[in-house]
Each structure stands twice: as C-alpha cells, then as structure tokens.
Amino acid sequence: MLFRSGLVPTMGALHEGHLSLVRLARRDNTLVAASVFVNPKQFAPGEDLETYPAHATWERDLAALEAAGVDFVFAPSAEAMYPRGSGVMTPFVDLVGVDALGEGASRPGFFRGVATVVSKLLNILQPSCLYLGQKDGLQCVVVSSLIDELNFPTRLVVGPTVREADGLAMSSRNVYLDATQRAVAPAVYAALCKLQDVHSLGERDPEALRRAAASVIAREPLMTLEYVSLADTADGQELDSRLGGEDALASIAVRLGDVKLIDNVLLASD
Ligand code: PAF
C-alpha cells in the first residue's frame, strides 16, 4: 500500500466531532497526526482566546487522541508557531473578499487567521490528506480554495457534522451554555431543518428559504439571529437569485446570551 499521512487539525477541547475525523483519517492513512493549537491569530480582541476550553483539557485530549488511533500529536506553543508575534514582516495568508461572506462578515480577520495557521500546518507536517468537519462550513470552502490556489499537495476530506441526540451540533464552545440555554440550543438545527424542508418542497427563492429558518429562531426569546446565509459551496458567495444548478451551503449563526452557535446543512443542486 502507498504511504499516506492524514492530519486532523484541532484547537483541543476535543469532542466526538474531532474523534470521528480521526477515525476517518485512520481508515485512509498509514500515519495519522493531529495538531492541538489554540491559534491566537484567529481570535479577535475581546473573543475567548484566554478562556478557550482547551486550556483545561490537555491530558484528556491527549488520551482521547491516543485511544482513537493518532500516531503523532503536534502541539506547538504560540511562540514556536509565530516567533515574530504580529510584528513587522510577519506574513498572513488572506483570501480576497472572505470578510464579506457569511461567518467572515461576522468575524472580520477570522479566516485570515485560519488560512495562515492551516498553511503553516500543511507546510510543517506535509500531510497527504487534511480532515475538517462540515460543522464549520465556510471554513471548509476557504481551506479548499487555499489548497487549490496555493498548490498544496494535500487533499481535503470533509467529515459530516456530529450532533447530540437532540440535534445540537457538537462544538467545543457548547460547554459555555448554561442549562436554560442548552435546553433551547437545538432550535438552531431545527431552523436549518425547516429551511431544508421548505427547499425539498420546491422553494428556490433564497430570501424565502432564509425567512423559513429565521421564523424558527424568532420563536425563541433567548436567541438573537445573527445571520442565515445561502452560499455557493464552490466559492462561498452569497446566492441572491433563484437556486438551481449549484449546491448551496445553508448556514446560520445565533447568539444565545454570550454564546454564539453556528451550524449548516448542504442543499443539493436540482
Ligand atoms: O476548526 C478549528 O478548530 C480551527 O479553525 C483550525 C482548523 C484547527 C485552525 O486553527
């Protein structure tokens, strides 16, 4: 068999979504690596860099990775990854226009940080395959574009979103939800399911599809809708005319107290 290596990049605070990617990688590769690095360049001032749950889960994460069959864990310090910090002559990898799209518009600079760290991880570890979860839908589109355009010799494999029994997409940040918030959190996926139902009944007007999802969130007094996005899966561009020949990424972001929840589903083309 040809030697192949797989990389599952993570920021720690691992859950079943990460471990399902490790299992996918284990199936396809001779050697499986995981990275654990809370990337400061993808956090804006005022976000949760200092309190990110991974700071407390290192031992547990390591044990889970080992049990899932990871051969090698790469866990650099911020100083090792970014020896010059953010000073003069530090490079960034940026994608033109990404901050105008969906999650990019809601977190300016975020995808620049992701593209920079993923480029560094690909250069350092040189994996044959990179494994990302569909949960971060636009991140998958961004990294796919990065790999194509910068000619990384790596194949992107996207694993399905892993959900709790009530539909809530697994996320390291779900631990921030208190009991009341956790009880209403499944409405995020319910909103996407409503959008999907309306689409399967033949609705192709993006605005009507966005309204269908928004109407579910509007019934939840604790929730504030940040956006519902319908984007082209090829380039993340928002779709404003009738859906038809392209696959669409339907994404949602909701505020629940201080916690932001994001989720998405794919809509197949006609
Ligand atoms: O999805 C994540 O956990 C991060 O954005 C990633 C891909 C590990 C880059 O820091």
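One-based numbering, in listed order, for ligands and for the atoms of each.
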Examine the proximity of ligand 1 to Val143 and report which part, side chain or backbone, both or neither, has a heavy atom under 4.0 Å away.
-> neither
Intermediate values then yes/no, side chain to side chain donor-acceptor pair (under 3.5 Å), Ser229 and Glu238 = CA-CA 7 Å; Ser229 154; Glu238 204 59 27; 2.9 Å; yes
Between Arg210 and Asp205, is there a side-chain N and carboxylate O pair less than 4.0 Å apart?
-> no
Proximal atoms of ligand 1 relative to Val117 (non-hydrogen, under 4.0 Å) | 9 (C), 10 (O)
Check: Asn39/Tyr82 side-chain N/O donor and acceptor closer than 3.5 Å | yes
What protein heavy atom is closest to atom 10 (O) of ligand 1, reported as residue, atom name and distance in Å?
-> Gln42 OE1, 2.7 Å
Counting from 1, what ligand 1 atoms have a heavy atom of Pro9 closer than 4.0 Å?
-> 8 (C)
Report the nearest protein non-hydrogen atom to atom 3 (O) of ligand 1: residue, atom name, distance rounded to 0.1 Å.
-> Met11 CG, 3.7 Å
Distance (rounded to the nearest 0.5 Å) between Ile252 CD1 and Leu261 CG = 9.5 Å
Geometric class of the His18/His15 ring pair [parallel <30°, tilted 30-60°, perpendicular >60°] = tilted
Would you mind listing which atoms of ligand 1 come within a distance below 4.0 Å of any non-hydrogen atom of Gln139?
-> 1 (O), 2 (C), 4 (C), 5 (O), 7 (C)
